[in-house]
Amino acid sequence: MDPPMDFQVVVLAGGTSDKLSPLVSKELPKALLPVANKPLLSYPLELLEASNLKNIIVVVEGDEAATQVESWLSVAYMDRLNVEVVKTPGDVGTVGAIRAVAPFLISTDILIVSGDLVSDTSPGAIAATHRRHGAAVTALFCPAPVSGGADSSTSGGKDKAKKPSRCNIVGLDPTRQFLLHVVSGAKVEKDIHIQKRIVRAVGQMEIRSDFMDAHVYAFKRTVLLDVLEKENLYSIKQDVLPYLVRTQLRSEISAKKENSADESSNGATKELPSEDININSAVPSNQNLRWLSQHREIAPSSYQEIHISDCDMNKSRPAKKTHKCCIYLSGKTQYCARLNSVQAFGDINRDMLGEASRITGYTFSAQNNVVHPTVVQGAKTTAGGQCIIAEGTILGDKCSVKRSVIGRHCRIGSNVKIVNSIVMNHITIEDNCTIQGSVISSNVQIQERASLKDCQVGAGYVITAGSEYKSEPLTKK
């Protein structure tokens, strides 16, 4: 689906994230971290290209990271995309990153995409939905991932206990088109306060805790620039989106009176407790919290009509300029994940070998693997199903590779077993080593008879002969 031509895209590519240590470094920024042997940033860029969204600003944190990303882009997407790289200092947050590019935003609508998104949900469809509703913001949400947990320090072995993530609490209208309430971050564990006027406007609100904010937002440019003028905003997810949702039936977001009152310490403009519905949030995260209802003589046909009538409800007062916040829910058969932790890195790479292999763009063989024609395999060496082995890699005799990704130009000795692991580029693994459930960064040397289980090894590390490590991050000092 081709979106309107006057959409501008901003991709927030990050820099060197502590959450991904020791996998990222000054030599390997997050955007270039390999996922199924392709740089992470290539996934959102190819998704945008498929939707004919080719005018893109990529925001990168830090000088070195920006230089590396710009160098890669100039080769990988030359004559394919019109990409401009803008660098920002570290730790400015997503709001700071957008402020840095605000002078370059000239289109009617702006699409903001996280650079760590791996998905096959069409950004063109999100843009079209945003335009159709005339929304101030449209946010992409998808089913929350089931994993070993975002805070897990290991790459996650096959036997890890899995649990559903609880990322957000959202309130939806009965048609699931409009975002009526959103809570994220630390506030998820607190009691939920729903504004009664929102429930009255729609008649019924569905409360969900099993959706993840995918960090893809279509904004009306004028709304976005107005919000950026407010102080004390750091995160689009935790600050900007909740603010727009909270004020969508109240008043014009850029009105100076509201801005000053909203930021005042005494909270004079907050709803009275009697105007809120309080729900305890201690419920299972894989269920709907509940349906909230306010009885009406005539059931609402849609939030669209309620929104219009709300503006004209009292003709004796000046009309308030309200706005709409929409939601786009990815389909159950679509893949949608964010690579924002070591655990997610392992999970997504494994998904690219299995259920989401279509996203990689590779053609898997009859043996359900991808082995580059230049790969050399010794006698009695096997590469099982759900494996990817990149060009120039050499494996000795009697090696076994199962459910793993091996990068470019690796040298792997004889009788080496690699299971459920990600091995990056230019790695040497000597004879009789065992690698299980681990992530090995580029230029690592693993000497003979070493054993690794559920470890993450930083770039350039040397593992001495006969060493055994379990559930440890290993980095150069």
Side-chain angles (χ1 to χ4, degrees), residues 15-37 39-40 64-65 68 152-157 341-343 345-346 349-350 372 374-378 381 383 387-477:
T16 54
S17 170
D18 291 340
K19 293 181 179 179
L20 286 162
S21 176
L23 307 184
V24 299
S25 62
K26 290 183 178 180
E27 292 75 29
L28 182 67
K30 177 180 178 179
L32 302 183
L33 195 64
V35 175
N37 286 335
L40 172 58
E64 291 184 41
Q68 293 176 71
S152 175
S153 62
T154 72
S155 59
S341 68
V342 172
Q343 175 71 45
F345 178 77
N349 268 281
R350 279 187 288 275
H372 195 273
T374 61
V375 170
V376 176
Q377 300 184 59
T381 286
C387 287
I388 298 175
I389 306 178
E391 66 265 25
T393 286
I394 299 175
L395 297 98
D397 298 338
K398 297 182 181 180
C399 290
S400 174
V401 182
K402 298 179 180 179
R403 300 182 298 279
S404 296
V405 179
I406 299 179
R408 298 167 179 82
H409 305 291
C410 295
R411 297 294 179 265
I412 299 172
S414 297
N415 198 32
V416 172
K417 293 178 174 58
I418 301 174
V419 182
N420 285 332
S421 296
I422 298 100
V423 177
M424 298 188 194
N425 304 318
H426 302 283
I427 290 168
T428 299
I429 304 176
E430 297 182 1
D431 297 347
N432 301 304
C433 290
T434 300
I435 315 295
Q436 181 178 346
S438 297
V439 181
I440 315 298
S441 299
S442 296
N443 301 305
V444 165
Q445 181 183 359
I446 303 176
Q447 297 178 353
E448 61 181 355
R449 295 177 287 103
S451 175
L452 300 176
K453 184 176 181 180
D454 297 335
C455 292
Q456 309 88 46
V457 185
Y461 194 84
V462 177
I463 295 177
T464 56
S467 298
E468 294 186 9
Y469 294 98
K470 183 177 180 180
S471 302
E472 290 188 51
L474 305 171
T475 59
K476 293 171 65 176
K477 294 182 180 179

> What closest approach, in Å, do Ser404 and Val401 show between heavy atoms, and which atom pair accounts for it?
CB-CG1, 4.0 Å
> Under a 4.5 Å cut-off applied to non-hydrogen side-chain atoms, are Ile418 and Cys387 in contact?
no
> Please examine the side chains of Val439 and Met424, heavy atoms only from C-beta on, and report whether any two atoms are closer than 4.5 Å.
yes
> Test your reading of the model: is there a side-chain donor-acceptor pair from Asn349 to the backbone of Ala36, 3.5 Å cut-off?
yes
> Looking at CG of Asn432 and NZ of Lys417, how far apart are the two atoms once the value is rounded to the nearest 0.5 Å?
8.0 Å
> Checking side-chain contact (heavy atoms from CB on, under 4.5 Å) against Ile435, which of Ile422, Val457, Ile440 comes through?
Ile440
> To the nearest 0.5 Å, what is the distance between CD (Glu448) and OG (Ser467)?
11.0 Å
> Among Thr464, Thr428, Asp431, which one satisfies side-chain contact (heavy atoms from CB on, under 4.5 Å) with Gln447?
Thr464
> Would you check if Leu474 and Leu452 make a side-chain contact, meaning some heavy-atom pair closer than 4.5 Å?
yes
> Would a distance-only check, ignoring hydrogens and angles, find a side-chain to backbone donor-acceptor pair under 3.5 Å from Ser414 to Gly396?
no
> Roughly how far apart are Thr475 OG1 and Leu23 CG, rounded to 0.5 Å?
11.0 Å
> Is the backbone of Ser421 close enough, under 3.5 Å, to the side chain of Ser438 for a donor and an acceptor to pair up by distance?
no
> Working to the nearest 0.5 angstrom, can you tell me the gap between Asn415 CG and Ser400 OG?
9.5 Å
> I need the Cys410 SG to Asn443 CG distance, nearest 0.5 Å.
9.5 Å
> State, yes or no, whether a side-chain contact exists between Thr393 and Val423 at a heavy-atom distance under 4.5 Å.
no
> Identify the heavy atoms of Cys399 and Gly413 that sit nearest to each other, and give their distance.
SG-O, 2.8 Å
> When you compare the side chain of Ser441 with that of Leu28, does any pair of heavy atoms fall below 4.5 Å?
no
> Checking Ser25 against Glu27: is there a side-chain donor and acceptor pair closer than 3.5 Å?
yes
> Can you see which heavy atom on Lys30 is nearest to which on Val24, and at what distance?
CA-CG1, 3.8 Å
> With heavy-atom distances below 4.5 Å as the criterion, would you say the side chains of Gln445 and Glu430 are in contact?
yes
> Within the structure provided, determine whether Ile412 and Ile406 are in side-chain contact (heavy-atom separation under 4.5 Å).
yes
> Just how far is it from atom OG1 of Thr381 to atom CD1 of Ile394, taken to the nearest 0.5 Å?
12.0 Å
> Taking all atoms of both residues into account, what is the closest heavy-atom pair of Pro34 and Phe345, and its distance?
O-CE1, 3.1 Å
> Indicate the atoms forming the closest heavy-atom contact of His372 with Ala390, along with that distance.
CB-C, 3.8 Å
